[in-house]
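One structure is given below, encoded as structure tokens.
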2 protein chains.
Amino acid sequence: MLPATTRKRRKPASPEDGGLRMTRQRQEVYDILRAHRDHPTATDVFLRVKDSLPNISLATVYNCLELLVEHGLVRQVNFERESSRFCPNLEQHGHFHDRGTGTIHDVKFKPGTDLADVLELPQGAVIQDIEINLRGLLHQT
Amino acid sequence: MLPATTRKRRKPASPEDGGLRMTRQRQEVYDILRAHRDHPTATDVFLRVKDSLPNISLATVYNCLELLVEHGLVRQVNFERESSRFCPNLEQHGHFHDRGTGTIHDVKFKPGTDLADVLELPQGAVIQDIEINLRGLLHQT
DNA sequence: GAATTAATTTAGAATAATTCTTGCTATTGC
DNA sequence: GCAATAGCAAGAATTATTCTAAATTAATTC
Ligand SMILES: [Mn+2]
Ligand SMILES: [Mn+2]
Ligand SMILES: [Zn+2]
Ligand SMILES: [Zn+2]
């Protein structure tokens, strides 16, 4: 058996990428989400990624987004029945949809507070996932 | 001009029904939502309403649900990208989806608490609508 | 490093929830 | 009762998303 250092080996899955092999397409999709954190739809991502990968297909963009979500690198955000949007912010946060401009803003949780303090959860409920979506208007101050 | 009491007049829109004319179909759809508050989908409602209105169409169920939502009698509840569900509970509340059984439970807000206390809202944000969706498991106690 | 195997991507077809269109029916206002 | 309006049913259309199958690329084995 050869020493471990000389054996050819695939790049190990880092904790960062959640064990997902970072192909060119997946990396570009992920980079695009982190470059412009405006909660783009799959089609938005598709149009943007074409600049660097002109031959990428929409199906691949959907595949990449699905994998990034499954591996916990990206969050999928749904407002009403609109197209899903994608967000690389992994901190616990909600979303505010400004009906005036159509933009979506991240909403942090105040430190030291717990959502469960505000809610009357059913007996025995163990929360695995929290989704908070707000809609309204953003007025100039 | 005849006295008001003798003139034939349509049933006035009550504050309860939000100005919506309550046709047979709308009434049955609404009654079904209030009878079983299990957050049924449009198809669920369709199947149930057929007992009393065997000729109703799915399109009509969708129309009725849309109108009931627009007029504020019913809330539309979306989890992920699943079919919309419908809820006649008009109190401010969130939803807990038990992944074990697939059931959806209403989650009241604790009296005297304010969600805004837990969130760092963007400057100038005026909230018109709040959606809180929780997912997890309900353990027997 | 060529052959083999496995994973990924692509293009287009399929799916499914929802919405739209159209002709018909019921209700309303007069 | 009659014209105008509103509502309904059936099925077609829409659209975001998923699936399928073939081609490409990458990894593994020899
Ligand atoms: Mn967009
Ligand atoms: Mn159901
Ligand atoms: Zn976000
Ligand atoms: Zn509810």
Side-chain angles (χ1 to χ4, degrees), chain A residues 1-2 4 6-13 17-30 32 39-47 49-50 52-71 73-74 76-86, chain B residues 1-2 4 6-13 17-30 32 39-47 49-50 52-71 73-74 76-86:
Chain A
M1 189 183 184
L2 294 169
T6 63
R7 259 188 297 155
K8 197 195 289 180
R9 58 169 63 206
R10 108 178 71 168
K11 186 164 80 176
D17 64 21
L20 178 67
R21 189 193 301 170
M22 269 299 169
T23 64
R24 183 81 204 283
Q25 286 85 347
R26 292 170 191 170
Q27 189 68 59
E28 291 289 342
V29 166
Y30 188 36
I32 278 165
H39 303 88
T41 65
T43 303
D44 291 335
V45 173
F46 176 57
L47 295 175
V49 77
K50 279 183 157 196
S52 48
L53 296 173
N55 296 321
I56 198 170
S57 73
L58 181 56
T60 297
V61 172
Y62 271 103
N63 287 341
C64 293
L65 290 170
E66 181 179 34
L67 285 167
L68 289 166
V69 169
E70 281 175 9
H71 285 78
L73 295 168
V74 166
Q76 185 167 355
V77 179
N78 294 302
F79 271 89
E80 316 268 328
R81 315 245 358 122
E82 296 171 10
S83 304
S84 286
R85 297 173 174 280
F86 296 89
Chain B
M1 189 182 184
L2 294 169
T6 63
R7 257 186 299 155
K8 196 194 288 182
R9 59 170 60 207
R10 112 178 69 170
K11 187 165 77 174
D17 64 22
L20 178 67
R21 190 195 300 169
M22 269 299 171
T23 64
R24 182 82 203 282
Q25 284 83 348
R26 292 171 191 168
Q27 188 68 58
E28 292 287 344
V29 166
Y30 187 36
I32 278 165
H39 302 89
T41 65
T43 302
D44 292 334
V45 173
F46 177 57
L47 295 175
V49 77
K50 278 181 157 198
S52 48
L53 295 174
N55 296 319
I56 197 169
S57 73
L58 180 57
T60 296
V61 171
Y62 271 103
N63 287 340
C64 291
L65 290 170
E66 180 180 36
L67 286 168
L68 289 166
V69 169
E70 281 174 9
H71 286 78
L73 295 168
V74 166
Q76 187 166 354
V77 179
N78 294 302
F79 270 88
E80 317 269 325
R81 310 225 28 99
E82 295 170 10
S83 305
S84 287
R85 296 174 174 278
F86 297 89

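In what follows, chains carry the letters A, B, and so on, assigned in the order in which the sequence lines appear, proteins first and then strands, with residues in each chain numbered from 1.
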Exercise for the section: Please report the C-alpha distance between B:Leu73 and B:Arg26 in whole Å, then the side-chain angles of each, then the deciding distance to 0.1 Å, and finally whether the side chain to side chain contact (heavy atoms under 4.5 Å, CB included) criterion is met. Expected result: CA-CA 11 Å; B:Leu73 295 168; B:Arg26 292 171 191 168; over 6 Å; no
Practice task
Measure from the side-chain heavy atoms of B:Arg21 and tell me the nearest of C:dT10, C:dT28, D:dA9.
Solution key: C:dT28
Exercise for the section: With heavy atoms under 4.0 Å as the rule, sort B:Asn55 into base, sugar-phosphate or nothing. Expected result: sugar-phosphate
Exercise for the section: Identify whether any heavy atom of A:Gln25 sits under 4.0 Å from a base atom; if not, whether one sits that close to sugar-phosphate; answer base, sugar-phosphate or nothing. Expected result: sugar-phosphate
Handout entry: From C:dC20, D:dC19, C:dT9, nucleotide with atom closest to B:Ala59 side chain
Key = C:dC20
Practice task
Establish, with yes or no, whether the OP1 or OP2 oxygen of D:dT18 is under 4.0 angstrom from a side-chain nitrogen or oxygen of A:Tyr62.
Solution key: no
Practice task
Tell me what A:Thr43 touches on the nucleic acid: a base, only sugar-phosphate, or nothing, going by heavy atoms under 4.0 Å.
Solution key: nothing
Handout entry: D:dT18 OP1/OP2 closer than 4.0 Å to side-chain N/O of B:Arg81
Key = no
Fill in the blank from the handout: Checking D:dA9, C:dT18, C:dT10 against the side chain of B:Ser84 (C-beta onward), the nearest is C:dT18
Problem - Atom pair CZ/OG of A:Arg81 and B:Ser83 - distance to nearest 0.5 Å - result: 6.5 Å
Exercise for the section: With heavy atoms under 4.0 Å as the rule, sort B:Ser83 into base, sugar-phosphate or nothing. Expected result: sugar-phosphate
Problem - Phosphate OP1/OP2 of D:dA9 contacted by B:Ser57 side-chain N/O (<4.0 Å) - result: yes
Exercise for the section: State whether B:Arg26 places a side-chain N or O below 4.0 Å from either non-bridging phosphate oxygen (OP1 or OP2) of D:dC8. Expected result: yes
Practice task
Using a 4.5 Å cut-off on heavy atoms from C-beta on, say whether the side chain of A:Glu70 contacts that of A:Leu20.
Solution key: no
Handout entry: N/O (side chain, B:Thr60) to phosphate O (OP1/OP2, D:dG7) under 4.0 Å
Key = no
Problem - Nearest-0.5 Å distance, OG of residue A:Ser57 to NZ of residue A:Lys50 - result: 10.0 Å
Handout entry: Nucleotide nearest B:Ile56 when distance is taken to its side chain, options D:dA9, C:dT10, D:dT17
Key = D:dA9
